[in-house]
Amino acid sequence: MDEKVILIVDDEADVIAYLSAVLDNYDCRIYSADNAEDGFRKAAELKPDLICLDIMMPKESGISLYTKLRSTEKLREIPVIIISGVEQAHEFDFFKFVEDRSVPPPEYYFEKPINVDEFCGVVDRLAFNDLEHKAKGDS
Amino acid sequence: MNGDLLRNSKMESWFCKELFEQVPFNIAVIDRDYNIIEANKNFADYFGDWHGQKCYKVYKNLNYPCLGCNARLTFEDGKSRVSDESGVDQRGKEAHYVLHTAPLREHEEEPVKYIIEMSRDIIEVKNWQMEYQLLFERVPCYITVIDRNFKIIRANENFREKFGDVVGRQCYEVYKKRKSKCPNCPAERTFRDGGVHRSDQVGIKKSGERAYYMLTTSPLGRDADDIAHVIEISIDVTESKKLEKEVIEAERLAAVGQTVAGLAHSIKNILMGLEGGMYIVKKGLKKNDNKILEQGWEMLERNFNKTTSLVRDFLSFSKGRLPELEMVDPNELVDEIVNLYKDVARNVGVELVADLDENIHKAPLDPKGIHTCLTNLVSNAIDACRMSDRDENEVRIRAVDKNGTLSFVVSDTGTGMDSEIKRKVFTTFFTTKGGEGTGLGLLTTRKIVKEHGGSISLESSKEKGSTFRMDFPKNRLNTLYKEGLSKSGESN
């Protein structure tokens, strides 16, 4: 199996450091971007197996990047985990941020600070074991 | 006129007849029994047919002589009199006229047999008087007329209703419950220079409530050197002040919700950083790798500092207090900031310049508050320059006193902002500095400026730089200052 590629997009250097340290336990290459524009460029270039994405970033938001990814033919199947400090009453309501109902919600949402075990479980499923998802992506 | 004309008796009689008919008065001649024995055309036009009638019937439609009849007195003592009279005109409508009664006799020693009565309609003047009276009493303003001893000699209904029975009392006692004349009394200035003066005032109604009003004092007198009275007209703005406060309160409550959400977001980010630091420290310990350990420790330190600055900024933002105003020199405040930041600026290649207006006067400001505002604006401006691609940048601070407004202007040649960022800069927790900023600086600045009754505005264009301008209307600063003084006076 090829080495997996994971892209972290967050404007906080500490979040990138933290997630990189966690993902370092996996056999994968980790890339990061500190803004949405650079994130999109790297996503298009690297075609990662998973993107960890923050919502609140200066200039362009993570939601804007997410909708761009989902509307780009070659990138729309990449699983995305949104990791954000945006307050949610109970569970993540994606359509609070995106009015366009045709945009599918992200694969997973984490509120900061993350639970490392739960995060690793999701990374396992989305980037390493989720064969069904990968099959979709390959088709 | 040449006196020769009347020497001819025929001409004299013709002249008297013409005069009698053409003079712009109603003229009637009555005998001692009040019979009208002659009247001119004007009289007939005004009062109607008079032939064979008593004067009281024609003038007032009465069947008996008037009480206090001036004609009777003139018949008795031969002296002329003038009086204001009300009667009935030929259409049966109320008539107001001035009446002159004069004896008609050839020699002064003769008893008065006839009287000539000359009257002139004054209904228009009466109407004006009524209009004026109505206007004076009912206009939704406070109106008082005061004399040179500051004694109220007239007050309108609205004023009496809110301030009580005030005629004869001193204006300062009535308006402000003071025992002596107010400092900077606008009425005194009007007495002195004959000019119209406007000012914002705070008084106390008879109910004990505060009254906020805008006062205009105007001279009442024949000319500027002879001002016997001053008329004080005020518009009560207490209700609009209350509404203004309610709107501010509603905005404040909305801001609290927004603030709590923003605060939670910031705390979560810091927690994530602390947790990340702990995770990396643990990893370093496990692997016995000092480099990893150091990375984790730095992360912990950084996020600990972020917590400190968030708490500090949040506390200064949440302080809900009135500015503590004192008379300060705006140039000194600017100088203080320049001294504080010039080295920091120079280290990142930014020249910090102060443009001082030498003619600027001291103004009532909260020095600590303005210091915080200038600190925020100048440190933002230096950051904007630091992030710019240009090698040489400049931050300029100006204090300007123009057209009744004191302004502090901070401009930079830094990165500038696009319209999206300009729209967001004054919202809670918005920052373009990533983890370095708390997103509270400009919000705190705007809050302090508003507490001073001022406003803050921003001009910026991408890659060219930004200018933040804090404007403080001096009349509002003075009102706040006076309020502050009177409050501290009350608490003493």
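Reminder, nothing fancy here: chain letters follow the sequence lines and each chain counts from 1. The figures that follow rest on heavy atoms only: side chains count, while hydrogens, waters and symmetry mates do not.
Heavy atoms of E298(B) lying under 4.5 Å from chain A are absent altogether. Looking at V116(A), the atoms closer than 4.5 Å to chain B (heavy atoms on both sides) all sit in the side chain, from C-beta outward.
How far CD1 of I270(B) is from NZ of K112(A): 11.5 Å, rounded to the nearest 0.5 Å.
Remark: K464(B) NZ is loosely packed, at most 12 non-hydrogen atoms of other residues, nucleotides or ligands lying under 6.0 Å away. More than 12 heavy atoms of other residues, nucleotides or ligands sit less than 6.0 Å from atom CD of E45(A). Within a 6.0 Å radius of CD in E37(A), other residues, nucleotides and ligands contribute 12 heavy atoms or fewer.
Closest approach of G273(B) and D14(A) over heavy atoms only: CA-CB, 4.3 Å. Smallest separation of non-hydrogen atoms from I280(B) and A17(A): CD1-O, 3.8 Å. Closest approach of Y18(A) to M272(B), counting heavy atoms only: CD2-O, 3.5 Å.
Between the side chain of K283(B) and the backbone N or O of A21(A), at least one donor-acceptor pair lies under 3.5 Å.
Salt-bridge formation is not detected for the pair E12(A)/R302(B): no Lys NZ or Arg NE/NH1/NH2 atom is positioned less than 4.0 Å from an Asp or Glu carboxylate oxygen.
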